[in-house]
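Numbering of ligands and ligand atoms starts at 1, following listing order. Small disclaimer: the values here were computed from a predicted structure and weren't measured. Quick note: residue numbers are just sequence positions, from 1.
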Amino acid sequence: MARLALVTGGMGGLGEAVCIKLAALGYRVITTYSPGNTKANEWLVAMDRQGYQFRAYPCDVADYESARECIRTIETEIGPVDVLVNNAGITRDMTFKKMEKTDWDAVMHTNLDSVFNMTKPVCDGMVERGWGRIINISSVNGQKGAFGQSNYAAAKAGMHGFTKALALEVARKGVTVNTISPGYIGTKMVMAIAQDVLDSKIIPQIPMGRLGKPEEVAGLVAYLAADEAAFVTGANIAINGGQHMS
Ligand code: NDP
């Protein structure tokens, strides 16, 4: 039976590319979407037209009970998750001076608590079966900080602390835990930034002089999910066009 991969936020710019890549490699791919997302069906139909039969489940990754229920349903209807890609995320950018507690909480709950919420119900099963992959999508801005992103940078840096600690705990059990830290990738999240800001502030920071492509990140996810990556754990792999070298 093909391995089962669960990609949170798989209907977003990066997540979609990850779903497509994993499906092309033969994984059974499931995604989650926010319970309020009214376009989920539309997305599934569009993917079906391209030849991808994905399953999708509503799940608020920021909410522990919602995540638990989602995993329970997936396990009952399809089977245990072999590869978990914690990809769902949001930004609420503003200077710290303007940031309200609600802006902090929303970003921490969606970007960091979600990693606990989704990993907790699948990790023990991976350990028992002796094989698993947990791949956390962080950000270059969690590595180097970014103006107006104290909430986002904190959450994204926290993801990698989680990665390193859990990687140690499951290292002998066939389960790897890794972080990917993309730089600026040309998805809706980034294309929402005003073009003049992209041209004057963001692209000039990238030695390659361009945004990354979602497919490039998807290729890295595919590598980490594969058997060949069995010796890679606790790593934070940068994919940022040379923007930040640590
Ligand atoms: P998108 O905004 O395109 O996608 C984000 C996805 O997260 C959406 O599918 C959304 O689902 C989902 N999501 C948000 N909140 C929740 C929630 N509470 N419960 C369930 N799902 C939720 O962003 P990208 O594809 O660009 O980003 C994907 C990941 O990559 C994020 O974690 C982001 O921080 C990270 N990243 C992106 C970079 C970039 O340049 N694009 C750079 C570095 C990191 P729905 O629409 O159903 O709400």
Side-chain angles (χ1 to χ4, degrees), residues 6-21 30-44 46-47 54 56-71 84-93 105-118 135-146 149 151-160 162-163 179-193 197-198 202-203 205-206 208 210-218 220-221 236-241 243-244:
L6 172 60
V7 181
T8 67
M11 298 185 186
L14 259 184
E16 179 181 298
V18 171
C19 289
I20 288 174
K21 180 71 182 180
I30 301 173
T31 181
T32 66
Y33 58 94
S34 296
N37 183 340
T38 52
K39 296 201 167 153
N41 210 40
E42 213 175 283
W43 183 84
L44 285 169
M47 286 294 114
F54 298 132
Y57 289 85
C59 174
D60 179 0
V61 296
D63 180 80
Y64 181 57
E65 282 310 318
S66 177
R68 229 163 55 133
E69 187 53 36
C70 174
I71 298 293
L84 171 64
V85 185
N86 283 312
N87 164 75
I90 58 167
T91 50
R92 287 272 178 91
D93 295 356
D105 287 343
V107 169
M108 295 305 282
H109 293 329
T110 306
N111 294 18
L112 183 57
D113 291 6
S114 61
V115 176
F116 175 86
N117 295 342
M118 298 305 296
I135 302 166
N136 298 318
I137 308 297
S138 178
S139 167
V140 65
N141 291 345
Q143 297 178 296
K144 68 168 196 52
Q149 287 198 323
N151 49 3
Y152 185 81
K156 292 299 192 184
M159 286 174 95
H160 189 54
F162 172 90
T163 288
T179 304
I180 291 177
S181 287
Y184 288 93
I185 310 297
T187 67
K188 267 184 287 175
M189 186 185 262
V190 165
M191 298 321 279
I193 301 171
V197 176
L198 275 177
I202 292 178
I203 305 282
Q205 293 176 41
I206 305 171
M208 287 193 184
R210 67 168 175 91
L211 299 174
K213 298 176 189 159
E215 296 73 24
E216 292 169 330
V217 179
L220 187 48
V221 171
N236 186 0
I237 304 184
I239 174 162
N240 61 31
Q243 185 191 351
H244 179 72

Atoms of ligand 1, numbered as shown, that sit under 4.0 Å from any heavy atom of [X]:
X: Ala88; result: 7 (O), 12 (C), 13 (N), 21 (N), 22 (C), 32 (O)
X: Tyr184; result: 40 (O)
X: Gly9; result: 6 (C), 7 (O), 9 (O), 12 (C)
X: Ile90; result: 14 (C), 15 (N)
X: Cys59; result: 19 (N), 20 (C)
X: Thr110; result: 15 (N), 16 (C), 18 (N)
X: Gly13; result: 3 (O), 25 (O)
X: Gly12; result: 3 (O), 4 (O), 9 (O), 25 (O)

Quick check: does any side chain N or O of [X] sit under 3.5 Å from a backbone N or O of [Y], one acting as donor and the other as acceptor?
X: Ser66; Y: Cys59; answer: no
X: Asp113; Y: Ala62; answer: no
X: Lys156; Y: Ile137; answer: yes
X: Ser34; Y: Gly36; answer: no
X: Thr8; Y: Asn87; answer: yes
X: Thr187; Y: Gly13; answer: no
X: Thr179; Y: Asn136; answer: no
X: Thr32; Y: Gly9; answer: yes

Starting from [atom], locate the nearest protein heavy atom and write down its residue, its atom name and how far away it is, to 0.1 Å.
atom: atom 45 (P) of ligand 1; result: Ser34 OG, 3.5 Å
atom: atom 29 (C) of ligand 1; result: Asn87 O, 3.0 Å
atom: atom 18 (N) of ligand 1; result: Asp60 OD1, 2.9 Å
atom: atom 5 (C) of ligand 1; result: Gly89 O, 3.6 Å
atom: atom 42 (C) of ligand 1; result: Gly183 O, 3.0 Å

Self-check item: Pairwise side-chain contact, Glu65 with Asp60, heavy-atom cut-off 4.5 Å (strictly under)
Solution: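 Not in contact.
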
Does [X] reach ligand 1 with a nitrogen or oxygen that is under 3.5 Å from one of the ligand's nitrogen or oxygen atoms?
X: Tyr152; result: yes
X: Lys156; result: yes
X: Val190; result: no
X: Leu14; result: yes

Practice problem: Report yes or no: does Thr32 have a heavy atom closer than 4.0 Å to ligand 1? | Solution: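 Flag not set, Thr32 not near ligand 1.
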
If you take the nearest heavy atom of each of [options], which one is closest to [atom]?
atom: atom 19 (N) of ligand 1; options: Val61, Val7, Val18; value: Val61
atom: atom 47 (O) of ligand 1; options: Val115, Asn37, Ile185, Ile180; value: Asn37
atom: atom 24 (P) of ligand 1; options: Thr187, Ile202, Val107; value: Thr187

At under 4.0 Å between heavy atoms, is it the side chain or the backbone of [X] that contacts ligand 1, or both, or neither?
X: Asn141; result: neither
X: Tyr33; result: both
X: Pro214; result: neither
X: Ser138; result: backbone

Exercise. Could you verify whether a donor N or O on one side chain and an acceptor N or O on the other, from Asp105 and His109, lie under 3.5 Å apart?
Key: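 The answer is no; no qualifying pair exists.
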
Exercise. Anything under 30° is parallel, anything over 60° is perpendicular, the rest tilted; go ahead and classify Phe116 against Tyr64.
Key: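 Geometry flag for Tyr64 against Phe116: tilted rings.
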
Quiz item: Looking at residues at least two apart in the chain, or sitting in another chain, which of them share a side chain to side chain contact (heavy atoms under 4.5 Å, CB included) with Asp93?
Solution: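 Side chain to side chain contact (heavy atoms under 4.5 Å, CB included) check on Asp93 returns Thr91, Gln149.
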
Self-check item: Rounded distance (nearest 0.5 Å) linking atom CD of Glu69 with atom CG of Asp63
Solution: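 It comes to 11.0 Å.
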
